[in-house]
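Presented below is the structure to which this report refers.
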Amino acid sequence: MTRFEGSYLGANDRISPLAIMECKICWTPYDPAEGDDTRQVLPGTPFQALPEDWKCPGCDAPKHQFMVREDPGSPALLAEQDIAGRTAMLVADFKDVWLSKMRDVPLINQALHVEAIGFRLHEGRPLGVLITPWFMNLVLLPGPGEDWSELVQGTKEVIAFPSGDYEFLHNRRDLTGGYKACSLFSPMGDFNSQMQAQDVARAVMMALFDPANRDETNRAADIRAAREAELAPPPETSEAGSEEDPAGTQGVRETAPSRRRLITAGLAGEPAPVAAMPETGERDG
């Protein structure tokens, strides 16, 4: 009952007309959608518009004793809802690609599915990781009022983050519109599960904004060479199985992508190595 989200204290500019307020003395709520029958306040009346002499229907406390219980119209919540809606369109776009073009491609990882991870605002634009069964990309979407519909597919752009400068490719999809993508990993055969891919994607989003990673990502040539060596095919027994490892899982464990390998290699100045795949136009997002 006492889980308040913030205090009102007379600051009308801190709450939206949709804010549901709560008396901090008796916990009586004021919901603008319902108004207040006891004071003849009509439904749809925002808390800011209540008369100054309005008092709590439960205990007669004055307006300044009310705190925010929830605010569906708060900027932060509206931003979250906007990001959720736009990432839903991004996921829908690539689910369509998966179903129509990619599901029978041999290098697809059938253990994975399309998912948007960790999207947050970066300089006013939604940024996060898109996981698919054939790639993992860092994706930047346009901010409110921006129109990226004219982006030329395949155009390269270097974007700076606290951890370094990364190369993004311009692209467009039907629902998403224009967006920019940085290749992290492709194909996705080294991932054992969706949970592992999620874990790495979240680690990438954390490392991206850590200045301590700048030196690592600037060593692009060394990191790329080391990563290509790590991606060398595992011993034959790990693929076909053996008496010691009949399921062939040992090689999978050895080559599974670690957080650090993906962060320092997939984000290291050059795109991650991409194995040959059928030309679908959707290989790298």
Could you list the donor-acceptor pairs under 3.5 angstrom formed by side chains in residues 117-128, with sequence neighbours left out?
{"residue": "Arg125", "atom": "NE", "partner": "Glu146", "partner atom": "OE1", "Å": "2.8"}
{"residue": "Arg125", "atom": "NE", "partner": "Glu146", "partner atom": "OE2", "Å": "3.2"}
{"residue": "Arg125", "atom": "NH2", "partner": "Glu146", "partner atom": "OE2", "Å": "2.7"}

Run Trp27 and Arg69 through side-chain contact (heavy atoms from CB on, under 4.5 Å) and show every step you take. CA-CA 10 Å; Trp27 303 326; Arg69 190 177 78 179; over 6 Å; no
Intermediate values then yes/no, side-chain contact (heavy atoms from CB on, under 4.5 Å), His113 and Trp98: CA-CA 9 Å; His113 60 264; Trp98 159 243; over 6 Å; no
Apply side-chain contact (heavy atoms from CB on, under 4.5 Å) to Tyr166 and Ile159, showing your working. CA-CA 5 Å; Tyr166 306 116; Ile159 300 177; 5.8 Å; no
Please walk me through it: do Phe191 and Val200 pass side-chain contact (heavy atoms from CB on, under 4.5 Å)? CA-CA 10 Å; Phe191 287 91; Val200 172; 4.0 Å; yes
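Between the side chains of Thr176 and Asp93, a donor-acceptor pair is found at a separation under 3.5 Å. Between the side chains of His170 and Gln153, no donor N or O sits under 3.5 Å from an acceptor N or O.
Checking side-chain atoms of Arg39 against main-chain N and O of Trp54 turns up no donor-acceptor pair under 3.5 Å. Under a 3.5 Å cut-off, the side chain of Asn213 and the backbone N or O of Ala207 do form a donor-acceptor pair. Between the side chain of Thr45 and the backbone N or O of Val41 there is no donor-acceptor pair closer than 3.5 Å.
In this structure, Arg173 is positioned above the aromatic face of Phe94, its NZ or CZ under 6.0 Å from the six-membered ring centre and within 45° of the axis. Remark: Lys24 is not positioned above the aromatic ring of Phe66, lacking an NZ or CZ atom under 6.0 angstrom from the ring centre and at most 45 degrees off the axis.
The CD1 atom of Ile108 lies 6.5 Å from the OG1 atom of Thr132; values are rounded to the nearest 0.5 Å. Separating the OG atom in Ser74 from the CD atom in Glu80 is a distance of 7.5 Å, to the nearest 0.5 Å. Here NZ of Lys180 is found 10.0 Å from OG1 of Thr155. Values are rounded to the nearest 0.5 Å. In this structure, Asp147 CG and Glu150 CD are separated by 6.5 Å, a value rounded to the nearest 0.5 Å. Lys95 NZ to Leu90 CG: the interatomic distance, rounded to the nearest 0.5 Å, is 11.5 Å. Remark: Thr87 OG1 to Asp82 CG distance equals 9.0 Å, nearest 0.5 Å.
Taking each heavy atom of Ala33 and Pro43 in turn, the nearest pair found is O-CB, 3.3 Å. Nearest heavy atom pair, residue Ser16 against residue Gly73, reads OG-CA, 3.2 Å. The minimum heavy-atom distance between Gln196 and Asn192, with the atom names listed, is OE1-N, 2.8 Å. Between Ser183 and Asn137, the closest heavy-atom pair is CA-OD1, 3.3 Å. Closest non-hydrogen pair, Thr28 versus Cys56, comes out as CB-SG, 3.7 Å. What you find for Leu112 and Ala197 is that their closest heavy atoms are CD2-CB, 4.3 Å.
A heavy-atom distance below 4.5 Å is not found between the side chains of Tyr179 and Leu169. Between Leu50 and Tyr30 the shortest side-chain heavy-atom distance falls below 4.5 Å. Side-chain contact between Val129 and Met136: present, with at least one pair of heavy atoms (C-beta onward) separated by less than 4.5 Å. Inter-residue side-chain proximity for Pro162 and Pro211 is flagged as met; some heavy-atom pair is nearer than 4.5 Å. You'll find the side chain of Phe185 reaches within 4.5 Å of the side chain of Met188, heavy atoms only. Residues Phe209 and Ser163 form no side-chain contact, since every pair of their non-hydrogen atoms from C-beta on lies 4.5 Å or further apart. Counting only heavy atoms from C-beta outward, the side chains of Glu167 and Glu157 never approach each other to under 4.5 Å. Residues Met21 and Met67 have side chains not in contact (no heavy-atom distance under 4.5 Å, counting atoms from C-beta outward).
In the displayed structure, Gln110 atom CD is contacted under 6.0 Å by more than 12 heavy atoms of other residues, nucleotides or ligands.
Leu18 and Leu42 are members of different hydrophobic clusters when ILVMFWY side chains are connected at heavy-atom separations under 4.5 Å. Leu141 and Val158 sit in two unconnected hydrophobic clusters of ILVMFWY residues. Membership requires side-chain heavy atoms under 4.5 Å apart, directly or through other members. When the side chains of ILVMFWY residues are joined at heavy-atom separations under 4.5 Å, either directly or via intervening members, Val114 and Met89 end up in two distinct hydrophobic clusters. Residues Val105 and Leu130 share a single hydrophobic cluster, defined by chaining ILVMFWY side chains whose heavy atoms lie under 4.5 Å apart. Hydrophobic clustering, with ILVMFWY side chains joined whenever heavy atoms are under 4.5 angstrom apart, keeps Val152 apart from Phe168.
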